[in-house]
There are 2 protein chains.
Amino acid sequence: MEAATLKDIARELNISVSTVSRALRDSYEINAETKRLVMECAARLHYRPNPIALSLKGSSSKAIAVVVPQIANYYFSQAINGIEEVANRRGYDVLIFQTHETYEREVANLRQAVARRVDGVLISLSSETSDTSHLQELQQHGMPIVQFDRVSGELNTPRVVADNFGGAFAATDHLIKTGRRRIAHLTIQPWLSITQERLAGYRAALEQNGLPYDESLVRFGTFGPDEVGPLVDELMALTPRPDAFFTASDRLALGCLAALRQRRIAIPEEVSLVGFTNLTVADMLSPSLSTVVQPAMEIGQEAVSRLLDLIELKHRAAPPTTITIPTTMVLRESSQLAVGRFEEV
Amino acid sequence: MEAATLKDIARELNISVSTVSRALRDSYEINAETKRLVMECAARLHYRPNPIALSLKGSSSKAIAVVVPQIANYYFSQAINGIEEVANRRGYDVLIFQTHETYEREVANLRQAVARRVDGVLISLSSETSDTSHLQELQQHGMPIVQFDRVSGELNTPRVVADNFGGAFAATDHLIKTGRRRIAHLTIQPWLSITQERLAGYRAALEQNGLPYDESLVRFGTFGPDEVGPLVDELMALTPRPDAFFTASDRLALGCLAALRQRRIAIPEEVSLVGFTNLTVADMLSPSLSTVVQPAMEIGQEAVSRLLDLIELKHRAAPPTTITIPTTMVLRESSQLAVGRFEEV
DNA sequence: TTGTACGCGTTATCAT
DNA sequence: ATGATAACGCGTACAA
């Protein structure tokens with residue numbers, strides 16, 4: 001690909017590259033006529049400054065890296081949507097990397113990001129990552145880093161997360177307030193911060209309503225499409241059996257819904273269901289399923305916004321805050337009806 | 001961010017940068033001992049060649065641009081997943097741009113891609129784009145381009161698309177073979193190539209089975225979450241009324257499913273349903289909904305593979321082929337049962 | 001076998 | 001007000 005350079009303009013106008021450079025940057029010490037000529041010529045040749053040359057010269061590449069477990073996932077694709085929007089508006093390009101939930105690829109991705117001389121890193125840790133020394137090293141070398149969603153307490157950076165505690169509390173409390181007493185909680189990997197926060201919200205709601213916490217009602221895992229059914233069977237075999245399910249992901253909510261219907265368990269007469277899901281899924285399922293909606297896009301926007309502030313202002317003394325974005329509980333109609341909505345889909 | 005350079009290694013070892021450069025490239029004319037020393041030092045300093053300097057020097061940036069309408073969409077996020085995988089394996093980074101379905105942003109994104117000196121462009125046109133002169137100009141300037149999914153016939157590039165005709169034919173034929181005669185088709189914007197191909201497959205299946213094509217059974221549009229219900233009502237008010245729906249997107253499939261259930265229309269006793277959807281959605285809904293699955297990831301992989309071939313081999317005489325990736329029809333059990341599966345979800 | 005010089009596009013620092 | 005030059009990191013033709 002050819003592209004006009006300062007040299008092209010200089011040659012065209014028989015002046016020097018530095019004059020062209022200054023004219024385009026609107027330097028005060030330059031002849032108005034020359035300036036006009038340069039501007040005109042630049043426009044005619046569709047001149048764009050070469051960001052690569054700029055990167056090589058200065059220390060800024062006007063690009064940031066976003067490292068996520070996977071793109072093909074509603075949550076992360078919505079987050080990236082928000083990230084891209086804000087980043088572009090502030091003049092940054094976005095390089096996207098997938099870890100595929102492995103530590104190895106996470107490290108490789110960060111190397112690649114460094115090689116590309118990105119100005120900062122936005123990361124949601126892979127589920128395999130427990131040791132964060134690779135990120136700490138990066139940070140000590142001066143790379144601005146912001147964590148979002150899957151964050152580590154070890155790592156001293158700003159963190160942007162959903163209000164997992166609040167969302168889980170609201171969902172559980174809602175179920176209790178509508179008469180449920182044995183609420184099963186189907187959730188993901190136990191070592192993730194988001195899992196722990198949701199579990200804490202669930203427990204707090206039980207406690208505040210004077211209900212016991214029963215370990216046997218809580219199940220952690222990475223359940224495949226065919227594993228939810230047996231899990232539901234196992235839980236429904238308990239005595240007394242659950243009268244509600246609170247699920248932590250899209251897959252779990254849909255899997256649970258399908259399993260209950262297949263087993264001819266009336267929803268919500270016998271069992272209620274609330275899912276912690278994403279906006280798009282909630283959208284598609286509405287007006288069928290009440291959900292706690294994850295603010296994925298807002299998290300992305302807030303996270304990138306923090307990162308760009310960090311990059312541009314270089315807050316050396318930036319206190320590593322945790323920013324919590326509220327979740328929304330979507331009940332299609334009145335809260336009384338809401339429990340009854342699950343009969344449809 | 002600091003990062004080791006050739007100069008750092010040279011200084012450390014008291015030799016010249018060019019010696020270091022050659023040692024690392026394993027030049028045959030170099031002292032084995034020097035080579036070993038350089039290698040060791042490079043490893044110790046975590047040396048990575050600076051791709052920015054390489055881009056500035058040569059003509060290759062080892063990066064490609066992917067321009068899609070939106071990321072927060074199962075189809076495109078899966079496609080990007082495939083693209084990223086293959087690109088990384090072949091040593092390329094991926095820059096992602098969203099058009100948000102506007103022509104204006106498509107043009108801006110391509111400018112940005114050119115400014116970043118990408119080696120090639122993978123694009124799925126925005127729904128607003130009918131004039132492709134911006135891409136033609138880019139191509140004439142020598143930029144390798146491959147279109148996927150939303151393609152234009154005007155633009156003389158390789159095209160990678162799903163077998164929309166075949167998929168629509170299979171779905172329609174399946175419905176007819178299981179006794180349906182009045183099959184409504186809910187689909188998206190009529191000017192998109194994918195829409196036309198699916199419509200053609202639908203028509204062909206009707207024709208081959210000796211059924212008439214009834215315009216009033218086909219509806220085009222960008223239906224919001226609350227618009228599918230009324231549309232279904234309108235269609236069900238026709239005489240004779242439809243006994244099946246074939247829908248062209250995730251949203252339409254789910255919206256249609258919800259609308260039918262809400263209206264107490266028995267599926268499939270009264271009305272059958274098959275959706276043209278994505279793997280992840282099909283996955284989540286299974287074993288509830290039979291679908292024609294779009295091969296999003298495979299399309300991404302094939303498209304990027306073609307693009308990289310174009311970049312690396314510079315096939316000047318590359319015949320602009322259209323590569324068609326087959327779709328898969330997912331019937332959860334036997335084809336007889338399949339029609340009966342829709343009662344669940 | 002190793003070192004020197006140049007160029008990629010840009011800006012900053014001199015000089016004129 | 002404008003021009004020449006150095007520097008960013010790299011590879012390579014050329015010189016030693």
Side-chain angles (χ1 to χ4, degrees), chain A residues 1-39 41-42 45-63 91 111-112 114-119 142, chain B residues 1-39 41-42 45-63 91 111-112 114-119 142:
Chain A
M1 262 303 294
E2 55 184 284
T5 72
L6 289 185
K7 193 187 282 185
D8 296 326
I9 300 177
R11 194 185 310 117
E12 183 108 358
L13 267 52
N14 276 317
I15 54 180
S16 77
V17 276
S18 30
T19 305
V20 176
S21 174
R22 275 181 287 229
L24 288 171
R25 311 198 83 240
D26 205 24
S27 173
Y28 50 95
E29 38 167 6
I30 208 106
N31 186 299
E33 175 60 11
T34 312
K35 205 179 281 188
R36 202 189 53 72
L37 242 61
V38 169
M39 292 301 213
C41 185
L45 267 57
H46 293 95
Y47 170 79
R48 305 276 146 189
N50 184 338
I52 293 171
L54 290 176
S55 308
L56 186 57
K57 177 127 195 48
S59 54
S60 160
S61 65
K62 286 282 181 186
R111 277 203 208 297
Q112 191 67 11
V114 171
R116 284 276 172 196
R117 303 299 192 268
V118 295
D119 294 338
Chain B
M1 260 305 292
E2 55 184 285
T5 71
L6 289 186
K7 193 188 282 185
D8 296 326
I9 300 178
R11 194 185 311 117
E12 183 110 358
L13 268 53
N14 278 317
I15 54 179
S16 79
V17 277
S18 44
T19 305
V20 177
S21 173
R22 275 181 286 230
L24 289 171
R25 309 197 81 241
D26 206 23
S27 174
Y28 51 95
E29 36 169 2
I30 209 99
N31 184 298
E33 175 60 9
T34 311
K35 204 179 283 188
R36 201 190 53 72
L37 243 60
V38 169
M39 293 301 213
C41 184
L45 268 55
H46 293 96
Y47 169 80
R48 306 277 144 188
N50 183 340
I52 294 171
L54 290 176
S55 308
L56 188 57
K57 176 141 196 38
S59 54
S60 159
S61 65
K62 286 284 184 182
R111 277 203 210 300
Q112 192 66 12
V114 170
R116 284 277 172 194
R117 302 296 191 272
V118 296
D119 293 339

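Just so you know, these numbers come straight off a predicted model, no measurement behind them.
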Apply side chain to side chain contact (heavy atoms under 4.5 Å, CB included) to [X] and list each qualifying residue two or more places apart in sequence or on a separate chain.
| X | answer |
| --- | --- |
| B/Lys57 | none |
| A/Leu37 | A/Leu13, A/Glu33 |
| A/Arg48 | B/Arg111 |
| A/Thr19 | A/Ile15, A/Ser16, A/Ile30, A/Thr34 |

**Message:** Tell me the bend of the helix from C/dT1-D/dA16 to C/dT16-D/dA1 as the angle between end helix axes, each from five pairs, rounded to the nearest 10 degrees.
**Reply:** 60°
Value in whole Å for how far the [atom2] atom of [N] lies from [atom1] of [X]:
| X | N | atom1 | atom2 | result |
| --- | --- | --- | --- | --- |
| A/Asn14 | D/dT2 | CG | C1' | 14 Å |
| A/Ile9 | D/dG3 | CD1 | P | 14 Å |
| A/Glu33 | D/dT2 | CD | P | 10 Å |
| A/Leu45 | C/dG9 | CG | P | 13 Å |
| B/Leu13 | C/dT1 | CG | P | 18 Å |

**Message:** Among residues at least two apart in sequence or on other chains, which ones pass side chain to side chain donor-acceptor pair (under 3.5 Å) with B/Ser21?
**Reply:** none
**Message:** Considering only residues two or more places apart or on different chains, which pairs with a residue in residues 12-24 of chain A satisfy salt bridge (Lys or Arg N to Asp or Glu O under 4.0 Å)?
**Reply:** A/Glu12-A/Arg44
**Complete:** With sequence neighbours left out, the residues meeting salt bridge (charged side-chain N to carboxylate O under 4.0 Å, His left out) with B/Lys35 are B/Asp26
**Item:** Distance below 4.0 Å between B/Ser16 side-chain N/O and C/dT2 OP1 or OP2
**Value:** no
**Item:** Spatial distance of atom CD1 (B/Ile52) from atom CZ (B/Arg116) [nearest 0.5 Å]
**Value:** 8.0 Å
**Request:** Go along nucleotides 9-16 of chain D 5' to 3' and tag each nucleotide: B for a protein heavy atom under 4.0 Å from its base, S when only backbone or sugar atoms are that close, - otherwise.
**Result:** BBBBBB--
**Asked** With a 4.0 Å cut-off on heavy atoms, is B/Ser55 in touch with a base, just the backbone sugar-phosphate, or nothing at all?
**Response** nothing
